[in-house]
There are 2 protein chains.
Amino acid sequence: MNNEIQKRYKKRSEIIKALAHPTRLFIIDFLADGEKCVCEIVEQVGVDISTISKHLLVMKNAGLVESEKRGLNMFYKTACPCISSLFTCLESIGNKD
Amino acid sequence: MNNEIQKRYKKRSEIIKALAHPTRLFIIDFLADGEKCVCEIVEQVGVDISTISKHLLVMKNAGLVESEKRGLNMFYKTACPCISSLFTCLESIGNKD
DNA sequence: TATCTATTTGGCTAATTTGCCAAGTAATAA
DNA sequence: TTATTACTTGGCAAATTAGCCAAATAGATA
């Protein structure tokens with residue numbers, strides 16, 4: 001595996017890593033319904049707000065979500081509509097056993 | 001997030017985790033070309049055979065690949081044709097920056 | 001049987017990730 | 001200006017993951 005190829009797969013894996021956590025997957029699904037502020041996500045997930053904030057940062061860095069501040073609230077939305085088709089694929093793998 | 005929902009997202013994340021490594025992504029792509037034995041994969045990737053074997057185990061446990069032993073060789077193939085469409089999605093995210 | 005070849009497994013250390021708490025920042029309200 | 005609300009960041013301990021070497025296993029061949 002040469003350097004160029006290695007770089008490409010590293011980049012892909014970074015995006016996938018940003019999805020590879022139950023809480024983050026839940027958030028992605030939750031955002032499919034429309035943008036939400038951090039406190040709404042916290043309310044749904046039920047973990048510390050700092051934990052949610054870090055999960056959101058991970059996904060933002062990977063380009064999976066976008067954010068915008070309005071007033072006191074930070075609103076997050078998904079950046080990529082193709083993600084839901086990804087879940088369809090995942091379910092079909094998951095249902096094998 | 002109740003227990004039932006948590007379980008569903010945990011399961012999804014386990015599949016995604018099994019993809020979340022550059023070497024494993026490369027292997028998935030390599031297998032798209034048809035089944036390969038472990039030593040062919042080792043040759044392409046260039047890391048220790050024990051490392052490759054463990055990566056393959058991770059993917060097998062997640063249901064991403066299947067294996068069959070013939071003679072001395074263990075042949076691996078992808079278990080899910082939808083994975084390549086997943087990569088198309090990843091590329092579109094990756095090309096944003 | 002003994003040996004060779006292909007692969008897996010055990011064991012270890014190093015690196016990364018997670019989630020909490022506490023402290024910091026930014027926008028609004030009093 | 002001070003306080004409040006919403007969120008982010010720093011720091012830390014616990015858990016998980018990665019990759020190497022060495023040892024074990026399974027099948028083929030001499």
Side-chain angles (χ1 to χ4, degrees), chain A residues 1 3 5-7 9-28 30-31 34-62 64-77, chain B residues 1 3 5-7 9-28 30-31 34-62 64-77:
Chain A
M1 205 169 20
N3 223 312
I5 293 180
Q6 188 135 12
K7 227 182 261 178
Y9 286 98
K10 181 132 193 282
K11 194 169 184 182
R12 280 187 188 178
S13 74
E14 271 154 20
I15 298 167
I16 298 186
K17 270 185 197 157
L19 281 170
H21 190 284
T23 299
R24 295 200 288 265
L25 289 177
F26 178 85
I27 292 172
I28 289 285
F30 186 47
L31 295 182
E35 66 167 21
K36 310 281 184 211
C37 71
V38 178
C39 61
E40 287 175 295
I41 299 168
V42 168
E43 196 184 344
Q44 287 293 314
V45 179
V47 304
D48 196 275
I49 188 173
S50 70
T51 301
I52 295 295
S53 183
K54 282 177 182 172
H55 280 310
L56 288 166
L57 181 63
V58 167
M59 293 196 285
K60 194 178 171 185
N61 286 341
L64 293 170
V65 301
E66 291 167 355
S67 63
E68 187 192 352
K69 188 159 198 174
R70 290 202 301 279
L72 281 176
N73 300 286
M74 186 70 88
F75 289 92
Y76 282 86
K77 62 179 175 184
Chain B
M1 206 171 19
N3 222 313
I5 294 180
Q6 188 134 13
K7 225 182 262 178
Y9 285 98
K10 180 132 193 281
K11 193 169 184 181
R12 282 188 186 176
S13 74
E14 271 154 20
I15 298 166
I16 297 186
K17 270 186 197 154
L19 282 169
H21 190 284
T23 299
R24 293 199 290 264
L25 289 177
F26 177 85
I27 292 171
I28 289 284
F30 186 48
L31 295 182
E35 65 166 22
K36 311 278 183 214
C37 72
V38 179
C39 61
E40 287 175 295
I41 300 169
V42 169
E43 196 183 345
Q44 286 294 313
V45 178
V47 304
D48 196 274
I49 188 173
S50 69
T51 301
I52 295 295
S53 183
K54 282 176 184 175
H55 280 311
L56 288 165
L57 181 63
V58 167
M59 292 195 287
K60 194 178 171 185
N61 286 340
L64 293 169
V65 301
E66 291 166 356
S67 64
E68 186 192 354
K69 187 156 197 176
R70 290 203 301 280
L72 281 177
N73 299 287
M74 185 71 88
F75 289 91
Y76 282 86
K77 61 179 175 184

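Model, not experiment: these values are computed from the prediction. Per chain, numbering begins at 1; letters A, B, ... match sequence-line order.
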message: Quiz question: going by heavy-atom distance under 3.5 Å, is there a donor-acceptor pair between the base of D:dC7 and the side chain of A:Ser50?
response: no
Can you tell me how far the [atom1] atom of [X] sits from the [atom2] atom of [Y], to the nearest 0.5 Å?
X	Y	atom1	atom2	value
A:Leu19	A:Met59	CG	CE	8.0 Å
A:Cys39	A:Gln44	SG	CD	11.5 Å
A:Tyr76	A:Cys37	OH	SG	11.0 Å

Any base atoms under 4.0 Å from [X], or only sugar-phosphate, or nothing? Heavy atoms, all strands.
X	result
A:Tyr76	sugar-phosphate
B:Val58	nothing
A:Arg24	sugar-phosphate

query: Among the nucleotides D:dT17, D:dG19, C:dC20, which one has an atom lying closest to any side-chain atom of B:Lys17?
result: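 The answer is D:dT17.
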message: As a test of reading the structure: which of C:dT9, D:dT9, D:dG11 is closest to the side chain of A:Lys54, going by heavy atoms?
response: D:dG11
Mutual orientation of the aromatic rings belonging to A:Tyr9 and B:Phe26 [parallel < 30°, tilted 30-60°, perpendicular > 60°]: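 Aromatic pair A:Tyr9/B:Phe26 classed perpendicular.
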May I have the distance from [X] (atom [atom1]) to [N] (atom [atom2]), rounded to whole angstrom?
X	N	atom1	atom2	answer
A:Asp48	C:dC21	CG	C1'	7 Å
A:His21	C:dG19	NE2	C1'	8 Å
A:Asn61	C:dT17	CG	P	12 Å
A:Leu57	C:dT17	CG	P	12 Å
A:Ile27	C:dG19	CD1	P	10 Å
B:Lys10	D:dA15	NZ	C1'	12 Å
A:Glu68	D:dT8	CD	P	14 Å
A:Leu56	C:dT18	CG	C1'	15 Å

field: Under 4.0 angstrom between A:His55 side-chain N/O and C:dT17 OP1 or OP2
entry: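 No, no such contact exists.
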field: Contact under 4.0 Å: A:Thr51 side-chain N or O vs C:dG19 OP1/OP2
entry: no
- prompt: More 5' along DNA chain C: A:Val47 or A:Arg70, using each one's nearest nucleotide?
  reply: A:Val47
task: Under the side-chain contact (heavy atoms from CB on, under 4.5 Å) rule, what do A:Ile28 and A:Val65 come out as? Steps first, then yes or no, please.
output: CA-CA 8 Å; A:Ile28 289 285; A:Val65 301; 4.1 Å; yes
- prompt: Pick one: which of B:Ile27, B:Asn73, B:Ile41 meets side chain to side chain contact (heavy atoms under 4.5 Å, CB included) with B:Lys36?
  reply: B:Ile41
- request: Scan B:Leu64, B:Val58, B:Leu56 and name whichever one has a side chain to side chain contact (heavy atoms under 4.5 Å, CB included) with B:Arg24.
  value: B:Val58
statement: A correct 5'-to-3' footprint of nucleotides 1-6 of chain D, with B, S and - meaning base, sugar-phosphate only and no protein heavy atom under 4.0 Å, is ----BS
